[in-house]
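Order of the sequence lines fixes the chain letters, A, B, ..., with proteins taken first and strands second; residue numbering starts at 1 for each chain.
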Amino acid sequence: MTKDEVAAILDEIGTLLELQGENAFRTNAYHNAARTVSQLEGDLKEMIAAKTLGDVRGIGEAMLDKITTLVTTGRLKYVEDLRAAVPPGLVEMLRIPGLGPKKAKAMHDQLGIDTIDKLRAACEVGEVAKLKGFGAKTQDKILEGVRFLGTVGNRVRADLARTLGTAVLERLKALPGVTRAELCGSLRRGRETAKDIDILVSSADAKPIMEAFVTAPEVMQVTGHGPTKSSIVATTTVGGTKVVLNADLRVVTDEQFPFALLYLTGSKDHNVRLRQRAIDRGYSLNEYALTGDDGPVPCKTEEDVYAALGLKWVPPEMREDTGEIDLAATGPIPVLVEPGEIRGVFHNHTTESDGSVSLETMAKAAKTLGYEYFGVGDHSQSLTVANGLTPDRVRAQWAEIDALNKKLKGVRILKGTECDILADGSLDFDDDLLAGFDYVVASVHSHFGLSEDEQTERICKALSHPSVTMLGHPTGRLLLRREGYKLNMEKVLQAAAKYGKMIEINAQPDRLDLDWTHVKRAKALGIPLVINPDAHSPEDLEYVPLGVTVARRGWLTKADVFNTRGVAEVMKELERRKRGK
DNA sequence: GCCGTTTTCGGCCCGACTGTTTTCAGTCG
């Protein structure tokens, strides 16, 4: 059982206990443990065997026992009993905005409601409004929420959410009286998907800004409208995709801005740690101020707030409570890699396989973006649906590259391939042809259904091939659409480290694969990471910064990312690898 | 259920908004 599967079950236990009316601190312990497990570095099985899992903060005796049972047997009677005791419809009801475990339980206990259908029916005949603590407005809100199920409240790809958030933000920034304005929350932290948009504005007069927010053209519905905080359901269309998201606006004074920025950026766990640290040092921290015995501590920026707590400033991408606060207290924070430091790209397609423009056009587009080298990585022969290249077409492309390299100035085209990893872990070209490339990106595009062991072994075998330079999109996931193939990532990373291979961070917005949680582990194992746009058109080259964000979330510096090196150094290193060191 | 320089009990971050109620509980972040 994988970390994510274990985490999902711990989360489910927390939710089921909430629906049974259990103490919030106990249910929170399960939700916290779920988050902790999903972000664990290293392999669960190994940690259990080495008896180190119990040392992790938030994993006590009971959690350790349950996780061990899940990992070793794949089952847990405790959760099965809970599932039997709580109707599944009740869990589903929690997805309705404004409806939490207390209300769900009350309706179940008093009206026997255990499905969304029964809930809708009870609202329509006015039964719900009669309950103690409920009323007509609550009932209407629930009905509205039932209708909205499936459109609002779903996570959205971060790049789409950012487009919508930026549109609203720019509108607010243009208003008179606005001093500072920022997108906060998961968008500022660079998460790969977003559940909502958080906007913070500082101004002496909140009212006109609130008004502008709730009447903006993006507004679909106003769900809250107070003096300092308002909430809307916002929508826009991005490249033919309709995006619908909740958006919150907070307006504070400019003195309060750094505290509010810190608070609204999160993560929740990072904030809890900061507040705990504040308490330990005799302060109290909230979204408006840091207050000590002698009154508020003046801070103009986030840096000031961290400094007042004896910490170095933590970049938003690192604020996930995975050790960054301890680091900020004791040592230097790594200087995270920046988009401008990427000097070339390796994994891209042209019309020769499934790209939309020619090699020459792609290379010129790369040069326009300031890249020194453009690596072509068209598909290999087995991937016929993507017009994969046969060996003859590969050699023809090499000739084209040689000719273009004589003609084009300021950008060097590298001879690469995105070579399929076949079902048995062998590669899609013979060894002689593979040895002729400057580098080889090895990727899985078929047989997604293999068992975890088979898939892991297949990929590790491919990594052992001397011509392979890097592993492309390591899990094959498509965010919000398709789970990655089953894989023991720890073993894959161990293999990459053993054979001296690189791992790709695929920057396509629906891939972002390697996931940031594994990026940290890869770095710890000394594996070089490569940020690739997997571009199929010139526009796709602009995905690179999304991959840089993943790298930053994995604490990577310039030195950890191979394509921050210049073309001469890259060629030298690729040559060295081809000679077998 | 977790945790501990207040260590085996008694806390557990803190505040906005809504709707219900009339001082507060529930939800959300």
Side-chain angles (χ1 to χ4, degrees), chain A residues 10-11 13-14 17-19 21-36 54-67 78 93-107 128-142 144-145 152-153 184-189 194-200 206 210 214 222-232 246-252 256 259-260 262-281 283-291 309 321:
Chain A
L10 294 179
D11 222 31
I13 292 174
L17 288 174
E18 280 170 12
L19 286 167
E22 185 52 79
N23 172 311
F25 294 111
R26 185 169 171 227
T27 61
N28 258 335
Y30 280 97
H31 294 304
N32 284 336
R35 240 189 334 269
T36 302
D55 300 338
V56 176
R57 196 188 166 86
I59 308 289
E61 210 175 321
M63 294 294 171
L64 181 62
D65 194 47
K66 290 188 175 71
I67 295 168
Y78 183 68
M93 279 160 58
L94 297 182
R95 289 170 46 221
I96 296 167
L99 183 53
K102 297 273 168 57
K103 286 199 178 117
K105 185 174 190 304
M107 291 190 291
V128 169
K130 291 183 197 156
L131 295 181
K132 186 169 158 50
F134 290 67
K137 284 200 171 175
T138 303
Q139 183 172 274
D140 289 348
K141 217 175 147 189
I142 292 174
E144 185 75 8
V152 182
C184 307
S186 55
L187 284 178
R188 183 162 181 248
R189 297 201 312 280
K195 191 162 67 69
D196 58 15
I197 295 164
D198 295 296
I199 301 175
L200 173 66
M210 284 297 165
V214 298
V222 178
T223 49
H225 190 180
T228 66
K229 179 182 173 181
S230 293
S231 302
I232 60 171
N246 291 307
D248 292 334
L249 170 67
R250 292 285 279 259
V251 182
V252 298
Q256 296 168 332
F259 304 101
L262 190 58
Y263 163 75
L264 281 172
T265 298
S267 65
K268 183 172 177 284
D269 298 323
H270 183 86
N271 286 347
V272 168
R273 283 297 185 92
L274 283 183
R275 288 183 178 192
Q276 191 57 55
R277 187 175 174 92
I279 291 168
D280 292 346
R281 303 185 151 229
Y283 297 108
S284 159
L285 177 64
N286 62 24
E287 61 256 59
Y288 303 117
L290 177 68
T291 313
L309 296 172
D321 190 28

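Taking side-chain N and O atoms only, T138(A) has no distance below 4.0 Å to OP1 or OP2 of dT18(B). Note on K195(A): a side-chain N or O is less than 4.0 Å away from OP1 or OP2 of dG29(B). Proximity of R275(A) to the phosphate of dC13(B): no side-chain N or O atom is located under 4.0 Å from OP1 or OP2.
Taking atom P in both dC12(B) and dC17(B), the straight-line distance is 24 Å, to the nearest Å. With C1' as the reference atom, dG26(B) and dT21(B) are 13 Å apart, rounded to whole Å. Comparing the P positions of dT23(B) and dG29(B) gives a spacing of 30 Å, expressed to the nearest Å. Taking the C1' atom of each, dT20(B) and dT27(B) are spaced 14 Å apart, rounded to whole Å. If you take atom C1' in dC9(B) and the same atom in dC14(B), they sit 24 Å apart, rounded to whole Å. For the C1' atoms, the distance from dC13(B) to dC2(B) is 16 Å, rounded to whole Å. Nucleotides dG11(B) and dT7(B) place their C1' atoms 13 Å apart, quoted to the nearest Å.
In the set dA16(B), dG1(B), dG26(B), dA16(B) carries the atom at the smallest distance from any side-chain atom of R250(A). Here dA16(B) is the nucleotide among dG1(B), dG19(B), dA16(B) with the atom lying nearest to any side-chain atom of Y288(A). Among dG29(B), dG1(B), dT27(B), the nucleotide with an atom closest to any side-chain atom of K102(A) is dT27(B). Nearest nucleotide to the K229(A) side chain, out of dT27(B), dC17(B), dC2(B): dC17(B). Comparing dG29(B), dG1(B), dG15(B) against the side chain of Y30(A) picks out dG1(B) as the nearest. Looking at the side chain of A62(A), the nearest of the listed nucleotides dG1(B), dT27(B), dG19(B) is dG1(B). Distances from the side chain of Q276(A) to the nucleotides dG15(B), dG1(B), dC13(B) place dC13(B) closest. Here the side chain of T228(A) is nearest to one of dG19(B), dC17(B), dG1(B), namely dC17(B). Distances were taken from every side-chain heavy atom of Y263(A) (C-beta onward) to each of dG29(B), dG19(B), dC12(B); the shortest belongs to dG29(B). For P101(A), the listed nucleotide lying nearest its side chain is dT27(B); candidates were dC14(B), dT20(B), dT27(B).
Between the P atom of dC17(B) and the NE2 atom of H225(A) lies a distance of 10 Å, rounded to the nearest Å. Rounded to an integer number of Å, the gap from H31(A) NE2 to dG29(B) C1' is 14 Å. I232(A) has its CD1 atom 16 Å from the C1' atom of dC17(B), to the nearest Å. Following rounding to the nearest Å, L99(A) (CG) and dG26(B) (C1') show an atom-to-atom distance of 10 Å.
Counting non-hydrogen atoms under 4.0 angstrom, I279(A) reaches the backbone sugars and phosphates but no base. Across all strands, D196(A) comes closer than 4.0 Å only to sugar-phosphate atoms, never to a base (heavy-atom distances). Residue-level contact check: A136(A) touches the backbone only, with heavy atoms under 4.0 Å from sugar-phosphate atoms and none from bases.
Map D198(A) and G133(A) each onto its nearest nucleotide of DNA chain B; the residue landing nearer the 5' end is G133(A).
A heavy atom closer than 4.0 Å to some atom of DNA chain B occurs in K268(A), V272(A), these being the qualifying members of residues 265-274 of chain A.
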Distances for protein N/O vs nucleotides 3-10 of chain B N/O pairs under 3.5 angstrom?
from   : atom 1 : to     : atom 2 : distance (Å)
dC3(B) : OP1    : G58(A) : N      : 2.5

